[in-house]
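Lettering of chains follows the sequences in order, A, B, ..., and the numbering in each one begins at 1.
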Amino acid sequence: MDTMNPLIEEMKLKLLEAIEAAGISWEEKQPPALRPCGDRRFGDYQANAAMTQAKRLGRNPRELAETVAAWWNEHHAAQATVSVAGPGFLNFLLTNETLLRALQPNCWSHLPKKVENPPVLILDYSSPNVAKSMHVGHIRSTLLGDSLSRVMRHAGWQVITDNHIGDWGTQFGKLIVGYLHQGSEERLAANPIGEMERLYKWAHEAGEHDPALQECARLELKKLQDGDSRNKALWERFRGMSQSAFDSMYGRLNISFDYTLGESFYHPMLGGVVDDLMRAGVASESEGATCVFFDDKMLQDKPFLIRKSDGAFLYSTTDLATLKYRANHFKADKIWYVTDLRQALHFQQLFATAKKWGVSVESEHIGFGSILGQDKRPLKTREGDPIKLDALLDEAVSRALAILEERRADLPSDEKKALAEVLGINSVKYSDLAQNRHLDYVFDWNKMLAFDGNTAPYVLNAYVRIQSIFRKSGESSSEKYELASPQHPRERDLMLHLLQWDDTLAQVAEEKRPHYLCFYLFYLAGLFHAFFESCPVLKSEPALKRHRLALCRMAADTLREGCGLLGLQTIEKM
RNA sequence: GCGCCCAUAGCUCAGUAGGAUAGAGCAACAGAUUUCUAAUCUGUGGGUCGUUGGUUCAAAUCCAACUGGGCGCGCCA
C-alpha cells in the first residue's frame with residue numbers, strides 16, 4: 001500500500017544506491033524509508049537507514065551517515081541536499097526545483113488509484129435496529145464505515161458496503177402484541193418510529209405484570225416465524241417504515257449503501273449453518289446447546305454458542321451465515337466489521353470458527369470506543385434517554401445557524417439555512433472522525449459542536465477563503481494558473497505539505513484511521529491561513545499571481561477531496 | 001479466575017515499523033485588520049509521558065512486574 005509520490009520513490013532508490021556505494025549490502029525487501037521530518041528545522045525528509053544498518057553491521061552510525069551523505073551530495077545535489085545530524089540522521093532538503101517537479105500533474109493528483117485485481121472488500125457498518133430510532137450509539141460505526149468505504153475506493157479497492165440491519169428477533173413478538181392492543185394508525189402515520197417505540201415499550205412493560213401478555217408475545221413471534229400471513233405483513237410494514245426513516249437519515253448524512261441485507265435475510269440459512277458445522281465436527285453439543293470449542297490458549301475456555309438449548313439461533317449464528325454468504329456470493333477477499341470494541345471477543349470467536357469451517361476470507365474487526373455520558377458510563381439504549389440522531393443533528397444545525405446569524409447577517413436567510421445544515425452536519429461528522437477510534441470519549445454538545453481548533457469549520461474556512469479569492473479573481477480558466485518554484489517560506493510550507501497527500505492516505509488506509517486525514521487537513525488549513533496572511537495573491541505581479549493562484553487551486557482541490565473522503569461536503573461561503 | 005483496552009500540559013487529545021529540544025487544540029496572557037472572509041494570523045507561559053526495573057548509540061513507543069480506571073468472558077445483540 002505504498003503509494004508515495006514517484007519522485008520520492010525515486011529518491012529512495014537513489015538513497016539505496018548511496019548506501020551500497022558506502023559498502024553496505026541492502027538486505028531488506030523494501031528500499032530504505034524516507035519520511036517527512038518530524039521537525040521541519042532539520043529538513044524536509046529524513047532517513048534512519050544509516051543508523052539501522054550501522055547497528056546491523058556493528059559500524060559507527062555517524063561515520064556511515066557521513067559517507068552516504070557525501071556520496072549523495074556529490075551525485076544528486078540537484079535533487080536534494082543531505083546533511084547528517086545527531087547520531088546519524090540523514091536529513092534531506094529538497095531543492096525548490098524538485099518540489100515543483102514533484103507537484104506536476106504526472107506526479108501528483110487526487111485521482112483514485114488503479115489497482116490490478118483489486119481486493120473485494122465488504123464493509124459492514126451502521127446496522128441500526130428496525131422499530132427503533134437511530135441514536136448516538138450508531139454514530140461512530142456509521143461515520144467511520146462511510147469514510148473508510150470512500151478511502152478504500154480511492155485506494156483502488158472494490159468496496160461493497162452492506163448495512164446489516166437488525167430486522168429480525170424476539171422484539172417483533174412484543175411489537176405485534178403492542179400493535180394489536182394499542183396500535184394507532186393515526187400515530188403510526190404521523191410518527192412511525194415514535195409509535196413503534198411506544199408500542200414496544202407498552203408491551204414490554206405491561207408484560208412484566210401480565211404473564212398472559214408475555215405468552216401472547218411468544219405466540220405472535222412463533223406465528224411470524226412460521227410464516228403467518230397477517231404477522232408477516234405487519235413485520236414487513238414495520239420494516240418498511242423503519243427503512244424509510246433510515247433512508248431519510250442517511251440522505252441527510254449523505255451516506256449510502258450498496259446492500260441492506262439484514263438479519264432476516266439470513267434467517268432461512270441458520271439451520272443449515274449449524275447442521276453443517278456439526279457435520280464438519282466444528283461444533284458440538286454441550287449442556288443442551290450447540291457450541292464451537294477452540295484449542296488455542298486465548299479461546300480455549302471461551303466457547304462460541306451458536307444455538308440455544310431451546311433450539312433458537314443467536315447473533316453468532318447469523319454472523320456465521322453472513323460471513324459465508326459474503327465469501328461465496330460476493331467472492332469477498334476481506335470483510336471489515338465496524339463495530340464497538342466491546343464485541344472484540346465475539347469477532348475473535350467468529351473468525352476462529354470461520355477458519356475451522358474452511359471459509360477463506362480475511363476478516364477484521366474495526367473496533368471503536370464507546371461514547372460515554374457525563375457520568376462516564378456508556379450511554380445505554382434501553383434505559384435513560386439515548387440522544388436521538390436526528391435531534392443531535394438538529395441541534396448542531398441550529399447552533400451553526402446561530403453563528404451564521406451573528407457573523408453573516410448580510411447573507412439571505414435561505415442561504416444561511418442551507419449553509420447551517422451543511423456546517424452543522426459536517427461538524428458532527430468531523431468531531432467524531434477526528435478522534436482516535438480506539439478511545440472512549442465523553443459526549444459533550446459543546447465539544448461535538450465546537451467551531452474552533454481541529455474542527456470542520458476551521459478546515460472549511462480555509463476552503464471558503466480560497467473560493468473567495470477565485471470569485472474576486474474573475475478568472476476561471478485553469479490556463480492562467482501556473483505553479484512555480486516557491487518564492488516565500490509560506491508557499492514552500494504549503495507545497496511540501498501538499499506533497500504528503502498520498503502518504504497520508506496510504507497511512508489512513510493501512511491503519512483504518514481517518515483521524516490521520518483530519519489532522520492532515522487541519523494542518524493544511526493552518527498552512528493555508530498562514531500563507532493567506534503573508535502572501536497576497538490577487539495583488540501580486542502577474543507571474544507570481546499565476547503561481548499563487550495555482551497553489552490556491554491545489555490547496556482547494558486537496559481540501560475538497562480530503563473532506564470528500566471523510567464524507568463532508570464543502571461550501572462556498574461561511 | 002482468564003483475557004482485552006486505556007494512563008502524555010489545567011482540560012481534550014496527537015505522537016505513524018524505537019529516533020533529534022515530546023507536539024496540537026481549548027482555556028490564560030500579549031499583539032496584529034485603510035489590504036483576497038478576524039470563523040484568521042503572530043507571540044508567551046505551561047510536562048518526573050501512571051510507577052519500577054530491563055533491552056541499546058537511542059524508549060512516551062519494545063519486554064517484565066506493579067498501581068489505578070474501563071470492558072469482555074454458554075443460552076442478549
Check your understanding: Can you tell which of A/E541, A/E491, A/E482 makes a side chain to side chain donor-acceptor pair (under 3.5 Å) with A/H547?
Key -> A/E491
Review point. Of the nucleotides B/rC75, B/rU12, B/rA39, which one has an atom closest to the side chain of A/K308?
Key: B/rC75
Revision key, fill the gap. Here the pair of heavy atoms bringing A/T142 nearest to A/S126 is OG1-OG, 2.8 Å
Check your understanding: Is there a donor in the side chain of A/H346 and an acceptor in the side chain of A/S316, or the other way round, less than 3.5 Å apart?
Key -> no
Check your understanding: Within less than 4.0 Å of OP1 or OP2 of B/rC6, is there a side-chain N or O belonging to A/Y441?
Key -> no
**Study point:** N/O (side chain, A/H515) to phosphate O (OP1/OP2, B/rG15) under 4.0 Å
**Key:** yes
Point to revise | Candidate nucleotides B/rG15, B/rA39, B/rU40, ranked by approach to the side chain of A/Y516 - the nearest | key: B/rG15
**Study point:** Integer-rounded Å distance: B/rA24 P and A/L527 CG
**Key:** 12 Å
Check your understanding: Can A/F522 be said to stack with the base of B/rA24, given centres closer than 5.5 angstrom and planes under 30 degrees apart?
Key -> no
Check your understanding: Is the aromatic ring centre of A/F42 closer than 5.5 Å to the centre of the six-membered base ring of B/rA20, with the two planes inclined by less than 30°?
Key -> yes
Point to revise | Residue matched to B/rG72 through Watson-Crick or wobble contacts both under 3.5 angstrom | key: B/rC2
Check your understanding: B/rG15 and B/rC76: how far apart are their C1' atoms, nearest whole angstrom?
Key -> 39 Å
Point to revise | Which nucleotide in B/rG15, B/rC13, B/rC73 has an atom nearest any side-chain atom of A/L345 | key: B/rC73
**Study point:** Minimum-distance nucleotide to A/A85 side chain [options: B/rG19, B/rA77, B/rA20]
**Key:** B/rA20
Check your understanding: Under 3.5 Å, is there an N or O donor on one side and an acceptor on the other linking the side chain of A/Q507 and the base of B/rU16?
Key -> yes
Review point. Looking only at side-chain N and O atoms, does A/R40 come under 4.0 Å of OP1 or OP2 in B/rG23?
Key: no
Point to revise | Chi-based syn or anti call at B/rA28, which uses purine or pyrimidine torsion atoms and a 90° bound | key: anti
Check your understanding: Over how many whole Å does the gap from A/Y520 atom OH to B/rU16 atom C1' extend?
Key -> 15 Å
Point to revise | Distance-only donor-acceptor test, A/N91 side-chain atoms vs B/rA20 base atoms, 3.5 Å | key: yes
Point to revise | side-chain N/O A/N436 vs B/rA14 OP1/OP2, d < 4.0 Å | key: yes
Check your understanding: Would you call the rings of A/W445 and A/F443 parallel, tilted or perpendicular, where under 30° means parallel and over 60° means perpendicular?
Key -> perpendicular
Review point. With respect to the side chain of A/R41, which nucleotide from B/rC75, B/rU21, B/rA39 is positioned closest?
Key: B/rU21
